There are 2 protein chains.
Amino acid sequence: MTETWRKKAGVAWEKAKRAPALACRKMWRVGKDDPRRAIHAVKVGLALTLVSMLYLLEPLFEGIGQNAIWAVMTVVVVLEFTAGATLCKGLNRGLGTILAGSLAFLIEFIAEATGQVGRAIFIGCAVFIIGAAATYLRFLPYVKKNYDYGVVIFLLTFNLITVSSFRVSNVMRIAHERFITIAIGCGICLFMSLLVFPIWSGQDLHNSTVNKLQGLANSIEVCVNEYFSDEAVTEAREESDDEEKSCDEDPIYKGYKAVLDSKSTDETLALYASWEPRHSRHCRYPWQQYVKVGAALRRFSYTVVALHGCLQTEIQAPKSCRALFKDPCVRLANEVSRVLIELATSIEGRRHCSPELLSDHLHDALQDLNKAFKSQPRLFLGSNGSQVSNMLAVAAAQARQQKEREEATGGGGGVALSSAKTDTSALREWKRTRSKKESGERKVLRPQLSKIAMLTCSLEFCEALPFAAFASLLVETVARLDSVMEEVEELGRVACFKEYKRGGEDD
Amino acid sequence: MTETWRKKAGVAWEKAKRAPALACRKMWRVGKDDPRRAIHAVKVGLALTLVSMLYLLEPLFEGIGQNAIWAVMTVVVVLEFTAGATLCKGLNRGLGTILAGSLAFLIEFIAEATGQVGRAIFIGCAVFIIGAAATYLRFLPYVKKNYDYGVVIFLLTFNLITVSSFRVSNVMRIAHERFITIAIGCGICLFMSLLVFPIWSGQDLHNSTVNKLQGLANSIEVCVNEYFSDEAVTEAREESDDEEKSCDEDPIYKGYKAVLDSKSTDETLALYASWEPRHSRHCRYPWQQYVKVGAALRRFSYTVVALHGCLQTEIQAPKSCRALFKDPCVRLANEVSRVLIELATSIEGRRHCSPELLSDHLHDALQDLNKAFKSQPRLFLGSNGSQVSNMLAVAAAQARQQKEREEATGGGGGVALSSAKTDTSALREWKRTRSKKESGERKVLRPQLSKIAMLTCSLEFCEALPFAAFASLLVETVARLDSVMEEVEELGRVACFKEYKRGGEDD
């Protein structure tokens, strides 16, 4: 018993010894991931020190008095990471305070007419009604989205003023002083967030959109390459992954994960960005369009998830089947990923992209894939080494055989249809088999072949099904990409992006 | 000019006239959607009135003094919708206040030794360092998730005490009084949220999980039914939808939308639920397991989205192709949806489900679909009405023809392979064509048929591709469903669900 306790204590001690180093590493990483965080921390410290000056310095204190704590409170609560968030909160706070002050003054004015007891009852009722109504208001989606904080401040200020005014005579003076100190606090916050190393929500939204596009581009490229790569490599990678980081380090997963969960972040950033004064000189910056691009990207990424699912599922298409369509598929994926990266660079550089150029290449790649399907229809049914042949090869060969017979009897000339188009091992093998057995066993062969073909086909079909899904999903991504392109174009139009100029890039 | 202005004013006036009614309707709907919101609003009003009593009633006021405003502030800020959220915030607030008070007292103790100017500098530095450090700490993911509010309160309280103590002698008394009032405020909040119509985050999470399961079940069932329904119906529905509500009212979209965006909601609810005292008597309630179920459901829903994409895409599989696999597909979808609903009911009733029973039916349905594919391989290539036949029908027919010839010459007996298995219109048509043209045009027909078959097949393949994707995705949903079932079973195990009893339900 004591032994286990000692062991446990030893483990705990080891953990405790490592904890500070771990914490330090984590702290360091937080700052390294985004150095603006450290800047923001320093800014808050500075703002707090500034606002404390109101209290600490003799001459300033005289004028403002005890109410300086309201300035401190304002700074702590209002100063947020980005300029937009600070503006939004500051405005909410200001609006809430003014409204609450007015209402409190009104109620005070009415309550003054009644006696002391009546006044207490009246104020109690007012507090109850206003409190319940304001809380209920917060559930309205529109209010919740835009003015949630304002309503809280309204409620807070209203109650503070109403309640404290009950025993204090000069409400107006209190309200006046408090308003001034809050204004000072807001002023310091605005100064800090707008003028000292400002951090813009809009910029964040812009960058995150670019990153999401690039992540998806990478995701889809890696995904398709992996699908067509040798299985051994995939497995080795999987094993090495299993060790510790599992799917977190999977480049495919990493690429689309950020997009999938981006809804609320996007919306918040767009909301804050809409408060920011930047870009309003020339044409109103369309932050909502960024949200729409984000939504289109999310729809796109659902298909990428399904595509990734094709990699992970246990029901895998045979390698031979995949190998046959590797080139057009990889080309299409590369085109899709190229388009995404082109969109990302165009947004990054705030310039239009050339949609025709993009679509042309994409269209070519699609045509390629289509051609591949059309030119090798029988290949879809695969060529499993263990099976003698497949259904379509049989049909083609039969047609060829028929032709040969016709030719032998002086029928229509020209190369046989099938021989011009088919060159798979299956057919060759069938031909070899046929030429060997042709003489005596022909009558037995035919139905047997049909039977085998029937079986093969059904088997192959089930095996090729996953590949068909993969190919179809790949085509689907192109359709979804189209809507992404539309939204990005719309973004370029509304946000007055620069005209597209053929730069140093080679298309 | 004035005309347009008048018009605009008229429109604005119309809008303004309708605005109150609209606002009322919206307000009403907010309460109707979730009556607990109205209850919560009343609770907040009541709590505020109670806390105001501290100030309004003479005897209470004597003891507490001006600090009563802190109780008011606590109630406004801490009292949240659910019990867990209130507890979490209250504890954060309490912890932050205590820590800040201690630290402020310590700094005050050190600062006391220096002179007035040195003291001001020392306090200023302390404010800066603590402010920056606390703000930086808020960026740590762990702190952000659990103690964000606590850090804000810490910063607020620390600054208030440090700064205000500069000119006030009896810091201890202030801290003591403030602590008491905050404790009173917290007490009222806890009383209100835990004892008066409590609203539990855990219950919300539980219900939302059940709803998500049911939504997905409905989604997948409607989706597959719609896929196999007549196009005319679908289009009519689409048109009627286009009018106003577009995809918001689409039952498929509605089913999975809630799941897709549930990540942050789930995590917040689970976080709050982990603070709630319920269910901790018997075995610790595993709220994190609900989050895991949510994650599995989200992965499941990505496949449903892709499945829904098959409905929306322009590249559609021919109706004939779909019709052939309708029954097994619909059956599989119904099984999947039945399993989801069974899982939902089992969670709802907090009882185990019977996985074998579920899996068995599912397995049967999968086998069914597989059999359908295996038994009708040629059907995969579809039977387009405009085309004479398809490749596999040709091959089968040729085999049959061969057999017939053999039979005519006294060959091996038995029913022809193809005739036993094939009964599509394509083959029949081909046979009809053949029987008509058999005599004279046979030599011409054969290569022509091959050619057509070749063409048809390639065409059909491209057409059937979307269906293959659909079927493959449907199979994929079963694979994903498996992980959902695993997580739900794990939930049942960890949460000590009741044993499964064969109730009135008919399986």
Side-chain angles (χ1 to χ4, degrees), chain A residues 30 37 41-42 44-45 48-49 52 55-56 69 72-73 76 120 124 127-128 131-132 135-136 139-140 155-156 159-160 163-164 166 261 263-264 302-303 305-306 309 313 373-374 377 380 391-392 394-395 398-399 402-403 417 446-447 450-451 457-458 461-462 465-466 468-469 472-473 476 479, chain B residues 30 37 41-42 44-45 48-49 52 55-56 69 72-73 76 120 124 127-128 131-132 135-136 139-140 155-156 159-160 163-164 166 261 263-264 302-303 305-306 309 313 373-374 377 380 391-392 394-395 398-399 402-403 417 446-447 450-451 457-458 461-462 465-466 468-469 472-473 476 479:
Chain A
V30 162
R37 289 171 176 164
V42 172
V44 171
L48 282 175
T49 316
S52 298
Y55 217 87
L56 297 174
I69 56 164
V72 173
M73 195 180 285
V76 170
V127 164
F128 175 77
T135 308
Y136 191 75
F139 287 114
L140 275 176
L155 207 54
L156 189 65
N159 279 294
L160 290 185
V163 168
S164 62
F166 186 64
D261 304 326
K263 187 169 187 271
S264 57
Y302 295 145
T303 318
V305 174
T313 185
F373 283 140
K374 282 203 173 163
F380 170 63
M391 199 60 173
L392 288 158
V394 173
Q398 281 178 336
Q402 176 74 18
K403 265 267 176 77
L417 180 80
R446 271 299 185 78
S450 296
K451 240 184 215 161
C457 182
S458 69
F461 169 66
C462 289
L465 198 65
S472 186
L473 282 171
E476 181 75 25
Chain B
V30 163
R37 289 171 176 165
V42 171
V44 171
L48 282 175
T49 316
S52 299
Y55 215 87
L56 297 174
I69 54 165
V72 174
M73 195 180 286
V76 171
V127 164
F128 175 77
T135 308
Y136 191 75
F139 288 113
L140 274 177
L155 208 54
L156 188 64
N159 280 294
L160 291 185
V163 169
S164 63
F166 188 64
D261 303 326
K263 187 170 186 268
S264 57
Y302 295 145
T303 317
V305 174
T313 185
F373 283 139
K374 284 203 172 163
F380 169 63
M391 199 58 170
L392 288 159
V394 174
Q398 281 177 335
Q402 177 72 17
K403 266 264 177 78
L417 179 82
R446 272 299 184 81
S450 294
K451 238 186 218 160
C457 181
S458 70
F461 169 66
C462 290
L465 199 64
S472 186
L473 282 171
E476 181 74 24

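Note that the coordinates shown come from a computational prediction; the quantities given were computed from them, not determined experimentally. Chain naming here is simple, since letters A, B, ... match the order of the sequence lines and numbering starts at 1 in each.
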>> Rounded to the nearest 0.5 Å, what separates atom OG1 in A:T135 from atom CZ in B:R37?
In response: 13.5 Å
>> Once rounded to the nearest 0.5 Å, what's the spacing between atom CG of B:L160 and atom CE of A:M73?
In response: 5.0 Å
> Between A:V305 and B:V305, is any pair of side-chain heavy atoms under 4.5 Å apart?
Replying inline: no
> Heavy atoms, side chains only, cut-off 4.5 Å: are B:V42 and A:F128 in contact?
Replying inline: yes
> Most heavy-atom pairs under 4.5 angstrom with chain A, which of B:S264, B:G124, B:A41?
Replying inline: B:A41
>> If I compare all heavy atoms of B:V30 with all of A:F139, which pair ends up nearest, and what's the gap?
In response: CG1-CB, 3.5 Å
> What residue, out of A:T303, A:V72, A:L140, has the most heavy-atom pairs lying under 4.5 Å from chain B?
Replying inline: A:L140
